[in-house]
Amino acid sequence: MDFIDQVRSLASRVAVAKDLLQTEEATKNAMVMPFIQLLGYNVFDPLEVTPELIADVGTKKGEKVDYAILKDGKPIMLFECKKSGGDLNINHAGQLFRYFHVTEARFGVLTNGITYKFFTDLEKPNKMDEKPFFEFNILDFREQEIDELKKFAKAAFDIDTILTTANHLKYTRAIQNTLNEWMTNPPEDFVRLVSAEFLAGKHFKNAVKDQFTAVTKRAFQQLIGDKINERLKGAMTPEPPLSPVPAVADTPSAEAGPSTQEGFTPSTIELEAYQIIRAILRPVAKPGRIFIRDAASYCAILFDDNNRKPICRLRFNNESKLVVGLFNENKDEERIAISTVDQLFDFTERLTACVTSYLNVTADKTDELLAT
């Protein structure tokens, strides 16, 4: 199994367990230890992964860090854990800060089993930075982040390589934060720069400044919106089909509209919701198996483009009142009002359970056919 597939497999287990774990110890056992093992370290070998490593830090005696990953008997990476969903504010990383200072470890990780914040000492040697250079959310990650995470794996671990990456990630994040701020509040110097061609010979007085500040803000946001739409449209191209397996054919019903349509272009918000749903379901099903189809009063999200396998319905005809339809085991629809498409992540368990039920049925039918 490829590394990314291992991450997706763990993500599917974390999605189910995250709300059931109420203590830090349970989180470590069910979520953090499997994550460390995912990186290739033997969590059952104390010479490689030591739990509750103790060290005296100044006047503090018996300081413990939850896990220390060792190489040649020396710590190379430290883990401080909070309970599932717990706050990861830097103020809660006191032990990690102190222990980082008295060991040779160059990397510290603060985690609640879902988000992993990676720290090092880019600002001052042997003093852990207050800001992480890399964050990984196992329930919401991009493929390029997998490449960064893989650098911490036992087989690929190289301090110089990671530190070089850490510098790049640090400055990239800082620039992204600056650009994000400029999108909503472009500074005067930036407005002057991008408007220089049109302002030649004009005085940058208040009226002109206000006019071009508004234009710059609108142009910036429109540019980002266009880029997002381009990516969304590209992502809608179905992936090549898998090798066919015997299956029992389903007869589509007319209720959800035709299974194929020409001339259907989802709105921007429908496309955004569609991509969120594909991301939610990625741990259990390839994105190419999730389809969006038009109906009279909603968009249908279907599994394998099959009207008899509805995942949910997007009732977004009125963008000021968004409603999503979810299905139970009897395929009865429950309509739930949401304020933003991001709230679709709140239904991860229900959407995953729905698709898993279709996968189980398909597997059972295939077994029956192969047995005959």
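Positions are given from 1 along the sequence.
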Checklist entry - Should N112 and V32 count as side-chain neighbours, where that means a heavy-atom distance under 4.5 Å? => result no
Checklist entry - How long is the span from the CD atom in E349 to the SG atom in C354, to the nearest 0.5 Å? => result 14.0 Å
Next on the checklist: Could you go through D158 and K151, starting from their C-alpha distance and side-chain angles, then the distance that decides it, and tell me whether this counts as salt bridge (charged side-chain N to carboxylate O under 4.0 Å, His left out)?
Outcome noted: CA-CA 7 Å; D158 180 79; K151 293 174 184 177; over 6 Å; no
Checklist entry - Under 4.5 Å between any side-chain heavy atoms of T340 and L322, yes or no? => result no
Item to check | Distance in Å, I311 CD1 paired with Y274 OH, rounded so as to fall on 0.5 Å steps | outcome: 9.0 Å
Next on the checklist: Applying a strict under-4.5 Å side-chain criterion to I, L, V, M, F, W and Y, I'd like to know whether F35 and I4 cluster together.
Outcome noted: yes
Next on the checklist: side-chain contact (heavy atoms from CB on, under 4.5 Å) for K117 and V109? Distances and angles first, verdict last.
Outcome noted: CA-CA 5 Å; K117 294 188 175 185; V109 183; over 6 Å; no
Checklist entry - Would you say the side chain of F118 lies within less than 4.5 Å of the side chain of E148, judging by non-hydrogen atoms? => result no
Checklist entry - Stepwise, does the side-chain contact (heavy atoms from CB on, under 4.5 Å) test hold for I76 with R106? => result CA-CA 6 Å; I76 58 172; R106 296 297 303 274; over 6 Å; no
Item to check | Separation of I290 CD1 from C312 SG (nearest 0.5 Å) | outcome: 9.5 Å
Checklist outcome for this item: ring pair (Phe, Tyr, Trp, His ring centres under 6.0 Å) filter on Y67, not counting sequence neighbours, yields none
Next on the checklist: Working note: F79 + Y116, criterion side-chain contact (heavy atoms from CB on, under 4.5 Å); need CA distance, chi angles, decisive distance, verdict.
Outcome noted: CA-CA 9 Å; F79 280 76; Y116 292 80; 4.3 Å; yes
Next on the checklist: Side-chain heavy atoms nearer than 4.5 Å, only ILVMFWY residues, links allowed to pass through others: does that put M77 and I159 together?
Outcome noted: yes
Checklist outcome for this item: Smallest heavy-atom separation, F119 atom then D129 atom, equals CD2-O, 3.3 Å
Next on the checklist: Under a 3.5 Å cutoff, is there a donor and acceptor pairing between the side chains of S267 and E270?
Outcome noted: yes
Next on the checklist: Restricting to non-hydrogen atoms, name the atom on R13 and the atom on P34 that form the minimum distance, rounded to 0.1 Å.
Outcome noted: NH2-CB, 4.1 Å
Item to check | Check: N328 side chain, N330 main-chain N or O, donor-acceptor pair, under 3.5 Å | outcome: yes
Item to check | Side-chain donor/acceptor of T111 to backbone N/O of G113, under 3.5 Å | outcome: yes
Review item, side-chain donor-acceptor pairs of residues 139-146, under 3.5 Å, at least two apart:
residue	atom	partner	partner atom	Å
R142	NH2	E145	OE2	3.4
E143	OE2	R282	NH2	2.1
E145	OE1	R142	N	3.0

Checklist entry - Does one hydrophobic cluster hold both L10 and L20, with members joined at side-chain heavy-atom distances below 4.5 Å? => result no
Checklist entry - Under a 4.5 Å cut-off applied to non-hydrogen side-chain atoms, are V215 and V191 in contact? => result no
Checklist outcome for this item: Rounding to 0.5 Å, atoms OH (Y41) and CD1 (I69) come to a distance of 5.0 Å
Checklist entry - More than 12 non-hydrogen atoms from neighbouring residues, nucleotides or ligands closer than 6.0 Å to NZ on K131, yes or no? => result no
Item to check | Test ring pair (Phe, Tyr, Trp, His ring centres under 6.0 Å) applied to F327 - qualifying residues, sequence neighbours left out | outcome: none
Checklist entry - In terms of the angle between their ring planes, are F107 and F152 parallel, tilted or perpendicular, with boundaries placed at 30° and 60°? => result perpendicular
Checklist entry - Is the shortest heavy-atom distance from the side chain of Q6 to the side chain of D2 under 4.5 Å? => result no
Checklist entry - So how far is it from L351 CG to R278 CZ, rounded to the nearest 0.5 Å? => result 14.5 Å
Checklist entry - Taking side chain as C-beta onward, heavy atoms only, is L149 less than 4.5 Å from L39? => result yes
Item to check | I269/V341 under side-chain contact (heavy atoms from CB on, under 4.5 Å): CA gap, chis, key distance, verdict | outcome: CA-CA 8 Å; I269 194 168; V341 292; 3.6 Å; yes
Item to check | Exam field: side chain Q22 to backbone D19, donor-acceptor pair closer than 3.5 Å | outcome: yes
Item to check | Non-hydrogen atoms of S84 and T27 that approach each other most closely | outcome: N-OG1, 2.7 Å
Next on the checklist: If hydrophobic clusters are built by linking Ile, Leu, Val, Met, Phe, Trp and Tyr wherever their side-chain heavy atoms come under 4.5 Å apart, do F345 and V284 end up in the same one?
Outcome noted: yes
Item to check | Atom of F136, atom of V7 and distance for their closest heavy-atom approach | outcome: CZ-CG1, 3.9 Å
Checklist entry - Are V323 and F316 close enough that some pair of their side-chain heavy atoms sits under 4.5 Å apart? => result no
Next on the checklist: Checking the side chain of S9 only, and the main-chain atoms of D5 only, is there a donor and an acceptor separated by less than 3.5 Å?
Outcome noted: no
Next on the checklist: Working to the nearest 0.5 angstrom, can you tell me the gap between D332 CG and L326 CG?
Outcome noted: 12.5 Å
Checklist entry - So with a 6.0 Å cut-off around CD of E130, is the heavy-atom count from everything else above 12? => result no
Checklist entry - Is it true that D87 and K82 make a salt bridge, defined as a side-chain N closer than 4.0 Å to a carboxylate O? => result no
Item to check | Q343 versus S339, side-chain donor and acceptor atoms under 3.5 Å | outcome: yes
Next on the checklist: Within the 4.5 Å heavy-atom criterion, are L70 and L47 side-chain neighbours or not?
Outcome noted: no
Item to check | Pair K28 + D66, salt bridge at N-O below 4.0 Å | outcome: yes
Next on the checklist: I'd like to know if R350 and E334 make a salt bridge, using a cut-off of under 4.0 Å between side-chain N and carboxylate O.
Outcome noted: yes
Checklist entry - Would you say L344 and V16 are hydrophobically clustered, going by side-chain heavy atoms of ILVMFWY under 4.5 Å? => result no
Next on the checklist: So that I can tick it off, tell me whether D121 and K127 are bridged by a salt bridge, with the cut-off set at under 4.0 angstrom between side-chain N and carboxylate O.
Outcome noted: no
Next on the checklist: Salt bridge or not between K154 and E48? Use side-chain N to carboxylate O under 4.0 Å.
Outcome noted: yes
Checklist entry - Any idea which heavy atoms bring V65 and A68 closest together, and the distance? => result CG1-CB, 4.4 Å
Checklist entry - So, K150 and D147, do they make that salt bridge, N to O below 4.0 Å? => result no
Item to check | Non-hydrogen atoms of P46 and T50 that approach each other most closely | outcome: O-OG1, 2.6 Å
